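Since the structure comes first, as structure tokens, the remarks are kept for the end.
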2 protein chains.
Amino acid sequence: MSIDPRLHTPVYVQLADLLRQRIESGELRPGSLIPSEARLTQEYGIGREAVRMAVALLRSEGLVRTQRGHGSYVRETTERRTVELAAGSSAIARMPTGIERLDLGLDEGVPVLEIRDAEGRTEVLPGDEIAITRPATG
Amino acid sequence: MSIDPRLHTPVYVQLADLLRQRIESGELRPGSLIPSEARLTQEYGIGREAVRMAVALLRSEGLVRTQRGHGSYVRETTERRTVELAAGSSAIARMPTGIERLDLGLDEGVPVLEIRDAEGRTEVLPGDEIAITRPATG
DNA sequence: GGTCATTTGTACGTATGTATT
DNA sequence: GAATACATACGTACAAATGAC
């Protein structure tokens, strides 16, 4: 498949679709580097901004993580720790603030879970490492 | 407060901080428009790209929503519908795929909750409209 | 309907800064 | 120091959505 700037679909979306496909097909494995910006620019004959927007889109979906000086890696799906939702507690999903992102060491495109217990105390957990459960014999 | 390009903090982060402050202080109310790109460009004497990156940052945090031809609005915190987590079910938070974002009508910077019941069936819910609960008398 | 101004979206180029190897 | 890679930031131009008239 290739990129056609005449299509209605923006070039950067087309590139993101291509890369997403290569990730989901397993051609680009979790933990591996995707091609560099310069490489994608040359390979597809498009500008650097289009390339960067494509990668930013994948980042915002939580599919890749970009490390300065290195490149962009396909994110590995982390093992999820199960957290039991206590009686009288509630949970919401939202994006972290900048501070929370630093504190929790979260990649872009990773939400947080905010748990509020019966006493109103809240706790913020990394969304990519947690599964909230309620035991079968609740 | 103002913007100083000589600081270590990037210009676009400085602008995002300023706007976030104006939102959180209530000066820019939920539902209202923030200043246009052109206005911010002139007002702070910075380039359009820095302005756009600042707004994109706020979007990714779920603070604003941008509508083409209109501008960027401060997002209103929606009323959350409580969904009881059934016994034997689990929930995870993640970012939606592009398709899911369209289907659910989600703004950028809004995660989804994926509920898996005891039979393994999954359901994807809008993260900004849902609070998962477990009743006190579980 | 058509035109215009406003606003954001896409896409290019260039230059420089910073992190890593 | 050198090479590579991403980050920031400026400029330009045109496309597309919206609303006013």
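Convention: sequence-line order gives letters A, B, ...; per-chain numbering from 1. The figures here come from the full heavy-atom set of this structure, side chains too, leaving out hydrogens, waters and symmetry mates. On a predicted model such as this, the values are computed, not experimentally measured, just so you know.
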Under a 4.0 Å N-O cut-off, is there an ion pair linking A/R94 with A/E114? yes

Grab the NE2-C1' distance between B/H8 and D/dA7 for me, whole Å please. 16 Å

How do B/M53 and B/R48 order along DNA chain D: which one's closest nucleotide is nearer the 5' end? B/M53

Quick one, B/S90 with A/T133, criterion side chain to side chain donor-acceptor pair (under 3.5 Å). Give me CA distance, side-chain angles, the key distance, then yes/no. CA-CA 4 Å; B/S90 65; A/T133 61; over 6 Å; no

Expressed as a whole number of angstroms, how long is the span from A/E108:CD to D/dC6:P? 14 Å

A/E49 atom CD is separated from D/dA15 atom C1', nearest whole Å, by 14 Å

Of the options D/dC6, C/dT10, D/dC10, whose atoms approach the side-chain atoms of A/Y12 most closely? C/dT10

How long is the gap from CE on A/M95 to CD on B/E108, to the nearest 0.5 Å? 10.5 Å

Rounded to whole angstrom units, what separation is found between the CG atom of B/D4 and the P atom of D/dA9? 12 Å

Within the structure shown, what part of the strands sits under 4.0 Å from A/V11 by heavy-atom distance: base, sugar-phosphate, or nothing? sugar-phosphate

Does a side-chain N or O of B/R52 approach OP1 or OP2 of C/dG9 to a distance below 4.0 Å, or not? yes

Could you tell me whether the side chain of A/E37 has a donor or acceptor atom within less than 3.5 Å of a complementary atom in the base of D/dC6? no

The side chain to side chain contact (heavy atoms under 4.5 Å, CB included) partner of B/V124 among B/D103, B/T97, B/V112, B/L113 is B/V112

Length of the line joining B/R6:CZ and C/dG17:C1', which is rounded to integer Å: 17 Å

At 4.0 Å (heavy atoms only), tell me whether B/G69 reaches a base, stays on the sugar-phosphate, or touches nothing. base

Compare the minimum distances between each of D/dA9, D/dA16, D/dA7 and the side chain of B/R68, then state the nucleotide with the smallest one. D/dA16

Given A/E76 and A/R29, is the salt bridge (charged side-chain N to carboxylate O under 4.0 Å, His left out) satisfied, shown in steps? CA-CA 8 Å; A/E76 337 208 14; A/R29 296 159 178 284; over 6 Å; no

Residue mapping more 5' on DNA chain C - nearest nucleotide basis, A/G45 or B/R59: B/R59

To the nearest Å, give me how far apart CG (A/L57) and P (C/dT10) are. 10 Å

For A/Q14 and C/dA11, what is the distance between atoms CD and C1' respectively, to the nearest whole Å? 13 Å

Which whole-number value in Å describes the distance from B/Y44 OH to D/dA9 P? 15 Å

Is there a side-chain contact between B/H70 and the phosphate of D/dA17, meaning an N or O under 4.0 Å from OP1 or OP2? no

